[in-house]
Student: 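I have a structure I would like to understand better, so I am pasting it below and will then ask my questions one at a time.
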Number of protein chains: 4
Amino acid sequence: MAPTTRQPAEHPDPPAGKTPLVRGKGRPRSATADQAILDATREALAELGWGGLTMGHVAQRAGVAKTTLYRRWPSKSELVVDAIASLFDQLECADRGSLQADIEAVVARFAELLTLPETQTALLALFAEGSRDPQLRRRIRERIVQPQKVLVEHGRANAQARGEMDPDLDPATADEEIGIIFDTIAGTVEHRLLVSGEPVTADWIRRFTTLLLGPLPGLLR
Amino acid sequence: MAPTTRQPAEHPDPPAGKTPLVRGKGRPRSATADQAILDATREALAELGWGGLTMGHVAQRAGVAKTTLYRRWPSKSELVVDAIASLFDQLECADRGSLQADIEAVVARFAELLTLPETQTALLALFAEGSRDPQLRRRIRERIVQPQKVLVEHGRANAQARGEMDPDLDPATADEEIGIIFDTIAGTVEHRLLVSGEPVTADWIRRFTTLLLGPLPGLLR
Amino acid sequence: MAPTTRQPAEHPDPPAGKTPLVRGKGRPRSATADQAILDATREALAELGWGGLTMGHVAQRAGVAKTTLYRRWPSKSELVVDAIASLFDQLECADRGSLQADIEAVVARFAELLTLPETQTALLALFAEGSRDPQLRRRIRERIVQPQKVLVEHGRANAQARGEMDPDLDPATADEEIGIIFDTIAGTVEHRLLVSGEPVTADWIRRFTTLLLGPLPGLLR
Amino acid sequence: MAPTTRQPAEHPDPPAGKTPLVRGKGRPRSATADQAILDATREALAELGWGGLTMGHVAQRAGVAKTTLYRRWPSKSELVVDAIASLFDQLECADRGSLQADIEAVVARFAELLTLPETQTALLALFAEGSRDPQLRRRIRERIVQPQKVLVEHGRANAQARGEMDPDLDPATADEEIGIIFDTIAGTVEHRLLVSGEPVTADWIRRFTTLLLGPLPGLLR
DNA sequence: ACTTAAGCGAGACGGTACGTCACGTCTTGTT
DNA sequence: AACAAGACGTGACGTACCGTCTCGCTTAAGT
């Protein structure tokens, strides 16, 4: 984003923005190229890590010219956001019958994603880049963080539907609680896996979830 | 001898290793240079961020030759570890009279560190680099993570001394619990500040701490 | 492709190899850059000498990136060969009516070239480099030495045409004689100017040529 | 020479200047170090060539500190002059009975020196350096060129003693002739061996000498 | 014996140039 | 107008030597 170039269309982010309704006059963009680039990006991330990832390398591996790549993504960060985001699109939240079970499932699913080499190397690097680039941080939140947060919200909805939680909770307060819980889940798993370097086992998940569900005053009936 | 060889060279990291007892034979390394480099690194981090930090720039700002810099630190990552680590050396853990107060103080102190621009930009980047470099990860743990973890351990000792916790707790189990709690504190604060981008207020700290101190089965008497 | 490989790469030296018949696929190399580089090289040689000549300096003076320079010439030596070679391209050999006059003209022309500051500083340095690099030595011979040798051969042809020399001379023997004479002319002038540091005057040329043309057994009729 | 430093004694060139009569007050310079340095220089020249020769490398190979080296020689060039000069000290000129035989012996001896790898790589490089440094050129002439030139002068004296040449030759004219002949011999052999890259065989020497001794007007009786 | 002064090894120091890499843009001809 | 190819200016990289400078030690000569 923040194109310093004189291009008209401020990088329309094609993978998200589908095909433009008004077909341009010239040759349309290749859809297969998009996919090849994203695949190549994930592969290269897994093999070489964030630091070893190169725009030129991705282009070469995708069988695409560098110009084609820059026509779609303005920088390595944005490209990787999209490449990683697709992994987080598949998150689901089946109702497993209890809040504890639901949260354990979410934690397990998130931990699973964080053991992929491409995710390990990319996620923290993106967060780091985002700490100085609000535009990028917004994009990361939209494409990567939000899909996870939705799971927690679904979990709460399910719990309320099951009668485990008070359905008449003040929405603002509930949002704050969800924020705390989400930061806690995501941050803790990331720190456990990527900083402390300890594995996330089923036992750990159970104990961590139990810690979470302790008092939660106002959330539990 | 053989300066052209490609030995791992292990970079003994003199700034950390005190003064060697056996005085080296040649001209000793300049202690002022060490300090100037670390200071310049912190300043440059705050101004330019991790991505904008350049070895050449640091050298120039410190009034030092690039070779002098590389003689001490093998890479930007190791240099930044030491530069940031000094900020974490000053952590203390005064006994504030209750476990809740102690934990709140730790969280507040950590959040405070994470609002420094140099810490914000450097910490996640270091963690990201470390995800592919075990050597670096070990170093980060020793110099940055461990000093924080010690605080949590002190907090537990204080709580036991005050009688808030069972002093006869099985050490292995206690260590695991400490691990969980530490990952939770550190990870959550990082995620809150750097990923979610929300501020860490006194109110948030209180609520988060309360969440933490809920059941803690076996820890609380 | 594969710019990271360490192939000999043979550096096709486009400036010498005319325009390739098969037009390359990408953006063609800038012809003006070639000329600017060679000009800058000659100027820098004259000002700073071989030892003071720097690839970075040449690039800057030519208004060109260092990479552009290295894309064409693999080393300072090869670059200087081409830069100096252009000076030797202009050599001619007008028929002055007698062998003595012709040789005097050749000697004078060569001495004239050797008084240019860029030639003085570059020629011996190239020869010195070539003494350990057969590849470079071959290149020097092709681009610098051979054009001079041709003059001597033309002189012989002229002499034969004028009847000063036996036209039925055994070619092999004649080649050897030419080799001797050429080494003598070139080596002596170089040594006189660059080692002994004495000037090459018209009188000196006359006496040296007379020495050369003494017996020439079998060559002169 | 040409010391840019603030040392008092303008590099007294110890190997040539023997032990100073007035012994200094401090520790005297090590004579073995001098020899070790010169030997190391010659060896390194033969192995690595002029371009690969490094002051640090020589010091290391000689088992000597860099400071010791710089205390004696101000630069690589001066050091190599002395290292190479010792090879030219051994030149002799036995009277072989005729001018032709004497010259052939000189040519053969010089060609022999020029086939040593250290000489090949060093000689032209020194001449090249000297082309921009009159101080160095003078030194080269004194230590390397002059000893060779003396041979030619001895040859002339022998020839005069044998009656092959007019003993009453005008000294000034004779000096000029000697200059021409010397430049011719040295330059031609150098060019033959180092530029043309052709061997100097006994046959070539005979033909070249014959060419030289053609008319020599005024020299031969 | 003791002082003095220089030589000596080791190696850190501020520099400069190196040759390479990736960047993001541009100019080709082709689709 | 998108595309593959690849040249282009830019700037950082990490290394190699440069010649100088501190160190602590050694080696004599002159007290």
Side-chain angles (χ1 to χ4, degrees), chain A residues 3-7 23-30 33 51-57 59-60 62-72 74-76, chain B residues 1 3-4 6 14 23-30 33 52-57 59-60 62-72 74-76, chain C residues 1 3-4 6 23-30 33 52-57 59-60 63-72 74-76, chain D residues 4-6 23-30 33 52-57 59-60 63-72 74-76:
Chain A
T4 57
T5 62
R6 44 176 172 64
Q7 302 195 30
R23 286 286 292 239
K25 289 197 284 189
R27 173 176 173 178
R29 288 191 179 168
S30 158
L53 186 72
T54 285
M55 296 298 263
H57 182 98
Q60 186 178 323
V64 141
K66 263 197 303 176
T67 41
T68 300
L69 216 161
Y70 280 109
R71 207 172 284 121
R72 290 159 162 78
S75 75
K76 173 165 143 176
Chain B
M1 176 74 76
T4 58
R6 185 63 60 242
R23 196 71 161 68
K25 287 204 284 188
R27 171 175 173 176
R29 290 193 180 167
S30 158
L53 187 73
T54 283
M55 295 298 261
H57 182 97
Q60 187 173 354
V64 141
K66 248 197 314 176
T67 45
T68 298
L69 218 161
Y70 280 109
R71 206 173 283 124
R72 289 160 163 77
S75 74
K76 173 166 145 175
Chain C
M1 177 76 72
T4 57
R6 186 61 65 241
R23 198 72 160 66
K25 287 206 285 188
R27 171 176 175 177
R29 290 193 179 166
S30 158
L53 187 73
T54 283
M55 296 298 262
H57 182 98
Q60 186 173 354
V64 141
K66 248 196 315 175
T67 44
T68 298
L69 218 161
Y70 279 110
R71 207 172 284 123
R72 290 160 163 77
S75 74
K76 174 166 145 175
Chain D
T4 56
T5 62
R6 45 177 171 63
R23 289 282 293 231
K25 288 199 284 188
R27 174 177 174 175
R29 289 192 180 167
S30 158
L53 187 72
T54 285
M55 296 297 264
H57 182 99
Q60 185 177 321
V64 142
K66 262 198 302 177
T67 40
T68 300
L69 216 162
Y70 280 109
R71 206 173 285 121
R72 291 158 162 79
S75 76
K76 174 166 144 176

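Chain identifiers are assigned alphabetically (A, B, ...) following the order of the sequence lines, protein sequences preceding nucleic acid strands; residue numbering begins at 1 within each chain.
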Student: Give me the atom names and distance for the closest heavy-atom approach of A:Arg72 to A:Ser30.
Tutor: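 Closest pair (atom of A:Arg72, atom of A:Ser30, distance): NH2-O, 2.9 Å.
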Student: Roughly how many Å is it from CZ in D:Arg71 to P in E:dA5, rounded to a whole number?
Tutor: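 Going from D:Arg71 (CZ) to E:dA5 (P), I get 17 Å.
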Student: Where each residue is assigned the nucleotide of DNA chain E containing its nearest heavy atom, which of C:His57 and D:Ser30 is assigned the position nearer the 5′ end?
Tutor: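 This one resolves to D:Ser30.
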Student: Can you tell me how far P of E:dA5 sits from NZ of D:Lys25, to the nearest Å?
Tutor: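 About 5 Å, once rounded to whole Å.
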Student: Does A:Thr68 place a side-chain N or O at less than 4.0 Å from the phosphate oxygens OP1/OP2 of F:dA2?
Tutor: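 The answer is no; no side-chain N or O of A:Thr68 sits under 4.0 Å from OP1 or OP2.
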Student: When you measure from the side chain of B:Arg72, which nucleotide among F:dC17, F:dC13, E:dA12 comes out closest?
Tutor: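 Selected nucleotide: E:dA12.
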Student: So which heavy atom on A:Val64 is nearest to which on A:Leu69, and how close?
Tutor: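 The answer is CG1-N, 4.3 Å.
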Student: Could one point to a donor on the side chain of A:Lys66 or the base of F:dG6 with an acceptor on the other under 3.5 Å away?
Tutor: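 It does not, because no donor-acceptor pair links the side chain of A:Lys66 to the base of F:dG6 below 3.5 Å.
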Student: For E:dA6, take OP1 and OP2 only and decide whether either is under 4.0 Å from a side-chain N or O of D:Arg29.
Tutor: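 It does not, given that no N or O in the side chain of D:Arg29 lies less than 4.0 Å from OP1 or OP2 of E:dA6.
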Student: Is C:Leu53 close to C:His57 at the side-chain level, that is, under 4.5 Å between some pair of heavy atoms?
Tutor: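 Not in contact.
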Student: In whole angstroms, how far is the P atom of E:dT25 from the CG atom of A:Leu69?
Tutor: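 Rounded to the whole Å, the gap is 12 Å.
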Student: Between atom OH in D:Tyr70 and atom P in F:dT22, what is the gap in whole Å?
Tutor: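 These atoms are roughly 17 Å apart.
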Student: Between F:dA5, F:dC13, E:dC13, which one does the side chain of A:Thr67 approach most closely?
Tutor: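 Nucleotide nearest to A:Thr67's side chain: F:dA5.
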Student: Heavy-atom nearest nucleotide on DNA chain E for A:Arg27 versus D:Val64: which residue maps closer to 5'?
Tutor: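 Looking at the nearest nucleotide for each, D:Val64 comes out on the 5' side.
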Student: Output the rounded distance in Å from CD (A:Gln60) to P (F:dA5).
Tutor: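 Distance, rounded to whole Å: 10 Å.
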Student: Between F:dC3, F:dA7, E:dG15, which nucleotide gets closest to the side-chain atoms of B:Ala65?
Tutor: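 The listed nucleotide nearest to B:Ala65's side chain is E:dG15.
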Student: If you assign each of C:Ala33 and B:Leu53 to its closest nucleotide in DNA chain F, which residue comes earlier from the 5' end?
Tutor: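 Per heavy-atom nearest nucleotide, the more 5' residue is C:Ala33.
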